[in-house]
2 protein chains.
Amino acid sequence: MATIYEVSKLAGVSLATVSRVMNKNTRVSEKTRKKVQDAMDQLGYRPNSIAQSLASNRSNSIGILVSELHGPFFGQMMSGIESELRAAGKHVIITTGHSEQEKEIDGIEFLLSRNCDALILHVEAVSDEYLIELSKKSTPIFIMSRYVENLKDRCISLNNEMGGYLATKTLIEKGHSAIGFIGGPEFKADSRSRLQGHRRALKEFNLPFDDKLYFEGDFKETGGIAGLRTLIKNNDQLTALACANDEMASGAMKYAREHGYNLPEGLSIIGFDNIIYASYLYPTLTTIHNPIYEMGHMAAKLALKSVYNVKNLKIQNIFEPTVIERNSVGSV
Amino acid sequence: MATIYEVSKLAGVSLATVSRVMNKNTRVSEKTRKKVQDAMDQLGYRPNSIAQSLASNRSNSIGILVSELHGPFFGQMMSGIESELRAAGKHVIITTGHSEQEKEIDGIEFLLSRNCDALILHVEAVSDEYLIELSKKSTPIFIMSRYVENLKDRCISLNNEMGGYLATKTLIEKGHSAIGFIGGPEFKADSRSRLQGHRRALKEFNLPFDDKLYFEGDFKETGGIAGLRTLIKNNDQLTALACANDEMASGAMKYAREHGYNLPEGLSIIGFDNIIYASYLYPTLTTIHNPIYEMGHMAAKLALKSVYNVKNLKIQNIFEPTVIERNSVGSV
DNA sequence: TTGTAGGCGTTATCAT
DNA sequence: ATGATAACGCCTACAA
């Protein structure tokens with residue numbers, strides 16, 4: 001790879017001048033600019049961004065930490081962030097935390113060591129305190145899909161409580177009263193909020209919260225299967241089920257169908273997230289829309305605004321969920 | 001952030017010694033090692049990997065280029081690569097090409113400029129010649145899910161032709177003869193191979209290939225919908241449909257159901273890829289398994305072996321597809 | 001075993 | 001407008 005030195009030699013100018021035409025800020029005469037440009041083209045010169053980064057303490061790249069690289073949720077999120085950033089000429093460096101504290105911290109430190117200009121984090125295992133400490137360091141951090149009070153203007157999150165509320169309310173309004181709830185892992189704040197919303201809806205309609213109708217799932221298909229099996233065992237009067245995400249809803253649908261339930265007549269199911277294939281399921285899944293792609297965009301905008309001083313960006317920190325009515329919920 | 005210089009000062013040793021304890025290769029006395037380690041801990045020292053990379057011309061990270069960050073296919077692929085690499089202490093830098101030549105090249109140059117030790121590419125728009133040229137440069141490249149004859153030992157790919165063949169053969173053996181085929185975009189090599197396999201199966205069973213029963217889709221749900229609509233218009237005797245990927249199969253299933261077909265009695269559908277939610281569909285989708293996660297693992301192993309000299313890794317360049325029988329294909 | 005010093009490819013601060 | 005030259009933080013011969 002050609003270096004700036006060879007370019008300067010071929011163009012007959014100094015290193016500094018070459019650097020100047022690359023970073024089209026300072027003034028260079030049109031004539032020398034052309035000379036340099038020609039030399040660059042001729043040598044097929046590409047700046048070494050590592051060296052740029054070391055010298056300028058700027059990398060034009062933003063670190064992203066997600067729990068997993070697969071799955072519709074993270075896919076949408078990463079896409080949202082990347083498309084916005086790429087349009088602004090910035091790059092992303094993605095790494096994973098696997099929902100484990102040690103790996104999350106490890107990932108963050110990797111990103112930091114790569115001189116990222118900012119970090120966009122979707123972390124689940126790390127504590128609020130850790131994030132607050134981290135935010136005091138020089139690299140700005142932004143938090144996706146999690147609300148930390150002390151860092152609220154750096155968080156882009158969904159009103160999960162409202163989502164949980166809407167899900168259960170939707171079922172109640174269709175006449176259901178024996179409603180099961182399959183939640184996510186309780187160590188995740190999202191899970192707790194969604195459950196809380198469920199409880200609020202029950203309360204509002206004077207329905208009791210029954211431990212026997214609650215199951216702590218894993219946000220995966222298996223959790224939906226195990227959950228429904230358990231809930232049915234606990235209460236065979238069950239007519240409706242709210243799941244804290246669509247994967248679990250899909251698992252529950254599968255279990256229900258395999259055990260002779262007609263959907264939605266025999267059992268109404270509502271999901272959460274509105275992941276891409278919710279509409280591919282049969283019956284198509286009624287669910288709570290989680291605008292994660294838009295939230296990714298917004299996190300990117302927030303970074304662009306506060307790190308690169310891009311102007312005219314309106315920031316919205318909290319997104320509201322909406323009900324997507326499809327065919328998996330029936331009236332009783 | 002503390003630098004190596006501060007560590008050396010605090011520990012009372014030279015820069016070189018600190019560097020040595022970091023890169024635990026050369027010998028350092030246990031005593032000084034401990035001194036240095038203590039100084040590091042005390043300062044919360046983290047090496048700046050940018051500087052390391054510039055100085056050593058090694059980044060311990062591997063660049064990955066995928067078409068999109070979302071979607072089950074790429075998710076599985078990235079996960080496969082990342083998990084293998086992470087276990088070996090290497091990191092990934094992911095970027096996207098969006099199936100456009102310019103963006104793919106742009107992405108590759110970004111990765112190159114970040115001093116990646118190797119590149120794992122899933123490129124669709126760039127030419128074989130470009131890849132061959134690229135492979136001559138100093139950064140090794142490995143190619144996912146695409147077969148380039150001159151670079152065959154650097155390719156990890158699926159036998160797509162066989163997959164296409166198996167899909168159609170499966171339908172024929174269930175008694176179908178009026179078989180539609182919704183392919184992927186023809187500029188993609190995968191699409192062409194799958195179509196070719198379809199034609200081979202037809203030929204083997206003495207069935208003619210009929211232009212009216214072929215539709216060039218887009219590998220998305222919409223392609224399945226548009227495709228089935230067109231094929232039905234062209235031939236109302238259609239009893240079976242092979243789709244070049246599961247997304248299109250899912251679109252076709254949706255269209256079919258909305259137009260009064262019973263599945264699979266009225267229409268048999270087979271997909272391709274066996275993406276995660278193929279088994280969530282109703283009826284569960286019979287499809288061709290594409291072991292993309294394993295292929296990701298293998299690409300990572302290939303990189304580890306040839307770039308970092310990791311031993312005892314068996315490399316398999318071509319993977320064979322298998323038929324996954326579920327419930328979307330019926331007998332006629 | 002440990003230290004010295006030059007170099008990695010840029011940027012940025014001075015001069016000129 | 002352009003050119004020297006010192007950083008940036010680390011690695012790695014070469015010396016000691």
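Computed over heavy atoms, backbone and side chain alike; hydrogens, waters and symmetry mates excluded.
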Task: Considering all heavy atoms, the nearest B/I108-B/V123 contact - done: CD1-CG1, 4.4 Å
Open item on the list: Please report the interatomic distance CG(B/L158) to OG(B/S145), rounded to the nearest 0.5 Å.
Closed with: 6.5 Å
Task: Candidates C/dT11, C/dT2, D/dC11 - which lies nearest the side chain of A/I4 - done: C/dT11
Open item on the list: From CZ of B/R20 over to P of D/dC11, roughly how many Å is that when rounded to an integer?
Closed with: 11 Å
Open item on the list: Please determine whether any donor N or O and acceptor N or O are separated by less than 3.5 Å between the side chain of A/R46 and the base of C/dG9.
Closed with: no
TODO: For C/dT10, take OP1 and OP2 only and decide whether either is under 4.0 Å from a side-chain N or O of A/Y45.
DONE: yes
Open item on the list: Check this for me: A/Y5, atom OH, are more than 12 non-hydrogen atoms of other residues, nucleotides or ligands nearer than 6.0 Å?
Closed with: no
TODO: Any chance you could measure B/L134, atom CG, to B/D128, atom CG, to the nearest 0.5 Å?
DONE: 12.5 Å
Open item on the list: With rounding to the nearest 0.5 angstrom, report the CG to CZ distance, A/L131 to A/R146.
Closed with: 5.0 Å
Task: A/T3 side chain near C/dG9 phosphate (N/O to OP1/OP2, under 4.0 Å) - done: no
Task: Nucleotide nearest B/Q52 when distance is taken to its side chain, options D/dG3, C/dT10, D/dC10 - done: D/dC10
Open item on the list: I'd like to know if the side chain of B/S191 reaches the main chain of B/P185, judged simply by a donor and an acceptor atom lying under 3.5 Å from each other, with no hydrogens or angles considered.
Closed with: yes
- [ ] Grab the CE-P distance between B/M40 and D/dG9 for me, whole Å please.
- [x] 15 Å
Open item on the list: Rounding to an integer number of Å, can you tell me how far B/N48 CG sits from C/dT10 C1'?
Closed with: 14 Å
- [ ] Please state whether the phosphate of C/dT11, meaning OP1 or OP2, lies under 4.0 angstrom from any side-chain nitrogen or oxygen of A/S19.
- [x] yes
Open item on the list: Counting the benzene-type ring for Trp, do A/H297 and A/Y293 have ring centres under 6.0 Å apart?
Closed with: yes
Task: Cation over ring face, B/K90 and B/Y308, 6.0 Å, 45° - done: yes
Open item on the list: Measuring to OP1 and OP2 of C/dT10, would you say a side-chain N or O of A/S53 lies under 4.0 angstrom away?
Closed with: no
- [ ] Could you state the atom-to-atom distance from CE of A/M22 to P of C/dT10 in whole Å?
- [x] 6 Å
Task: Length of the line joining B/N115:CG and D/dC10:C1', which is rounded to integer Å - done: 13 Å
- [ ] For B/I50 and C/dT11, give me the distance from atom CD1 to atom C1', rounded to whole Å.
- [x] 14 Å
Please list, for nucleotides 6-8 of chain D, all pairs of protein and nucleotide N/O atoms separated by less than 3.5 Å.
unit_1 : atom_1 : unit_2 : atom_2 : d
D/dC8  : O2     : A/A55  : N      : 3.3

Open item on the list: Counting only side-chain nitrogens and oxygens, does A/T17 get under 4.0 Å of the OP1 or OP2 atom of D/dG3?
Closed with: yes
TODO: Give A/V13 one of three labels, base, sugar-phosphate or nothing, depending on what nucleic acid heavy atoms sit under 4.0 Å from its own.
DONE: sugar-phosphate
- [ ] Round to a whole Å and report the spacing from NZ of B/K34 to C1' of C/dT1.
- [x] 19 Å
TODO: Give A/S49 one of three labels, base, sugar-phosphate or nothing, depending on what nucleic acid heavy atoms sit under 4.0 Å from its own.
DONE: nothing
Open item on the list: Can you measure A/K9 atom NZ to D/dG3 atom C1' for me and round it to whole angstrom units?
Closed with: 17 Å
